[in-house]
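So the structure is just underneath, and the comments pick up after that.
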Protein chains: 2
Amino acid sequence: MVAKVRSFNRTVTQRVGALDDAYLSRGRPLGQARLLWEISDGPSELRRLRSRLDLDSGYLSRLVAGLQKEGLVAVETDPDDARVRTARLTPAGRAERAELDRLSDELAETMIQPLNVSQRERLVAAMAEVEQLLVASMVDVRVTDPRHPDAQLCMSSYYADLATRFDGGFDPTVTRPAEDDAITLLVARLHEEPVGCGALKVIPSEHCADVKRMWVSPTVRGLGLGRRLLTELETHARGLGVRTLRLETNHTLVEAIGLYRAAGFVEVEAFNDEPYAHHWFAKTLD
Amino acid sequence: MVAKVRSFNRTVTQRVGALDDAYLSRGRPLGQARLLWEISDGPSELRRLRSRLDLDSGYLSRLVAGLQKEGLVAVETDPDDARVRTARLTPAGRAERAELDRLSDELAETMIQPLNVSQRERLVAAMAEVEQLLVASMVDVRVTDPRHPDAQLCMSSYYADLATRFDGGFDPTVTRPAEDDAITLLVARLHEEPVGCGALKVIPSEHCADVKRMWVSPTVRGLGLGRRLLTELETHARGLGVRTLRLETNHTLVEAIGLYRAAGFVEVEAFNDEPYAHHWFAKTLD
DNA sequence: TCCATCCTCTGACTTTAGTCAGAGAAAAGT
DNA sequence: ACTTTTCTCTGACTAAAGTCAGAGGATGGA
């Protein structure tokens, strides 16, 4: 298995990686080219670019100056915070971007051109599969303090999500409170952006834990992240000596209910009075 | 379709490309790392390395000197040709190579580790598919002079192949001669190494052409190269005003016969006295 | 208000990457 | 025997990539 992955890595970096750079830099130094590509995805604060591309601030400053001198980007001071500078494309920059798009299409074209129709279809399908699974494997799940900004962001997205799904909306003040200091929270991130979470509230006296706040961002649905979060919560729970996992859920969350059943949870009598819950599940760990 | 390929390129270069380099260079400059990797596939003449990695001779010289100073490779003069120098790994170099292998495995591991079993299987299968098709698309087919060394190499491989397959072997002097100056030869190359060929001998008076010397190297079987060569020969023939394509073949070449039938050839009466032939096929082009 | 922090920029580097011209030795062609 | 070609190396470059220290303005918090 590992050997096959390695072989793939070799072939693909050779074919895609090498060409891509040479082709898409258009005589520009690679650093500048990458930066241009990044800026053209929309106006960007320099500090964001710096962290995304992991560049030294001095270096970035010079790269931007280069693009500015070519007339491709304009830089202006943020009106809200005069320390922050924002770069965006000039009309000439947008024209260049269009050209880059064209070249990128051309490159993709050369990859499928030698193949016949059925091979092309197979290639594109397999590429989609690889890409999806690679993205899934790029998601990083780790324990995070509930007060961390990323955790807060997850919570507000979670509540917003519930509000659109529940019949009659959702009011966080009505739901049973979960004290932040008594839970273990896992946050899933893709490119350092939070895309999902799940929490465990352990009740040591009963060797029991409640699964709470299971949320997966719509942008990463279908990657098996919900399943992964649940599995990791379970592993955590075992490590803490938990023998029973419990959770409650709303009847509108059909995928979640499917996930719980598939993961071995069985429906039980209501074990609390959570106002938004319609179903209660439990799973015995062995 | 193109959009999907582009999306794949982006994700994959990000995930595989970037990491690969950082991970496998071990503090060494990338040029040196690549070179080391190449040398460790076996003792290599510097001139081969130069053409394979497309490096300037002065540059290569310095890169090798660097690896030599680190004690990883030894360089010696070729006994047969004192101009040529050959590099190979020292024991320390082999140890380093082993370490690189380990890291490479580790990297592959991190790619599949976050996935569950079924996802892993899907990923590996899709990777194999992508890789195979990308290799297929890297094969370059073009008209080549039959006297070109690559063409000669194809011919000798072709004859050697026939000798192992035909009942009672194959003797090139017995077969019907095909004058080199009257044919159009297509040679398929992968990484500039010849891996297949196919020729067309046009008989203008009869608006007819014979397909000859169809050969695909065992190293690239299953990539649809035979089909591609046949299709390109057909396109060529059309361009030359040919209305009928003919070919003869030996009954031991079962895949070839299958290919001809699938490509629309139908079996006909013997139209020549080729001693090694058992089947004669023809196809009308419209 | 003052101080620590944040954000960007400039100057002064170092290291890689890569190019070009030519020297010197060996081999191949004539 | 000669010339040409092949192969490697050295010297002398340039450009890109990246690092480090610190200056200077803006902001946020105590």
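Only heavy atoms go into these numbers, but all of them, side chains included; no hydrogens, no water, no symmetry mates. None of these values were measured; they are calculated from a predicted model.
Checked by atom type and distance alone, the side chain of Thr13(B) pairs as donor or acceptor with a backbone atom of Asn9(B) at under 3.5 Å. Using a distance-only test at 3.5 Å, with no hydrogens or angles considered, a donor-acceptor pair links the side chain of Thr90(A) to the main chain of Gly71(A). When atom types are taken as modelled, the side chain of Thr11(A) and the backbone of Ser7(A) share a donor-acceptor pair closer than 3.5 angstrom. A distance-only check finds a donor-acceptor pair linking the side chain of Ser40(B) to the backbone of Leu36(B) [under 3.5 Å]. Between the Arg228(A) side chain and the Val139(A) main chain, a donor and an acceptor come within less than 3.5 Å of each other. A donor-acceptor contact shorter than 3.5 Å links the side chain of Gln152(A) to the backbone of Pro146(A). Although no hydrogens or angles enter the test, the distance criterion places no donor-acceptor pair under 3.5 Å between the side chain of Ser44(A) and the main chain of Leu49(A). Looking at His191(B), its side chain never comes within 3.5 Å of a backbone N or O of Glu193(B) through a donor-acceptor pair. Side chain of Ser137(B) to backbone of Leu134(B): a donor-acceptor contact under 3.5 angstrom is found.
Across all their heavy atoms, Arg6(A) and Ala108(B) have their closest contact at CG-CB, 4.1 Å.
Here the P atom of nucleotide dT27(D) and the CD atom of Glu45(A) are 14 Å apart, to the nearest Å. As a whole-Å value, the separation of Leu53(A) CG from dT19(D) P is 13 Å. The distance from atom CG of Leu55(A) to atom P of dG18(D) is 8 Å, rounded to the nearest whole Å. At whole-Å resolution of the value, CG in Leu63(B) and C1' in dT8(D) are 14 Å apart. In this structure, Asp54(A) places its CG atom 15 Å from P of dA17(D), rounding to the nearest Å. To the nearest angstrom, P of dT16(C) lies 15 Å from CG of Leu36(B). Distance CG (Leu49(B)) to P (dC9(D)): 11 Å, rounded to an integer number of Å.
For Asp140(B), the side-chain contact (heavy atoms from CB on, under 4.5 Å) criterion is met by Arg142(B), not counting sequence neighbours.
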Nucleotide N/O to protein N/O under 3.5 Å, stretch nucleotides 9-12 of chain C:
residue : atom : partner  : partner atom : Å
dC9(C)  : OP1  : Arg85(A) : NE           : 2.9
dC9(C)  : OP1  : Arg85(A) : NH2          : 3.0
dC9(C)  : OP2  : Ser61(A) : OG           : 3.3
dC9(C)  : O5'  : Ser61(A) : OG           : 3.3
dC9(C)  : N4   : Ser57(A) : OG           : 2.8
dG11(C) : N7   : Arg62(A) : NH1          : 3.2
dG11(C) : N7   : Arg62(A) : NH2          : 3.3
dG11(C) : O6   : Arg62(A) : NH2          : 2.7
dA12(C) : N6   : Arg62(A) : NH2          : 3.4

Please write out the pairs of protein N or O atoms and N or O atoms of nucleotides 1-3 of chain C separated by less than 3.5 Å, giving the distance to one decimal.
none

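In the region residues 28-35 of chain A, proximity to DNA chain D at under 4.0 angstrom, judged on heavy atoms, holds for Pro29(A), Leu30(A), Gly31(A).
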B/S/- contact track for nucleotides 24-30 of chain C, protein heavy atom under 4.0 Å: --BS---

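Remark: Arg10(A) CZ is loosely packed, at most 12 non-hydrogen atoms of other residues, nucleotides or ligands lying under 6.0 Å away.
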Just list the side-chain donor-acceptor pairs under 3.5 Å for residues 54-63 of chain A, sequence neighbours left out, or say none.
residue  : atom : partner  : partner atom : Å
Asp56(A) : OD2  : Gly58(A) : N            : 2.8
Asp56(A) : OD2  : Tyr59(A) : N            : 3.1

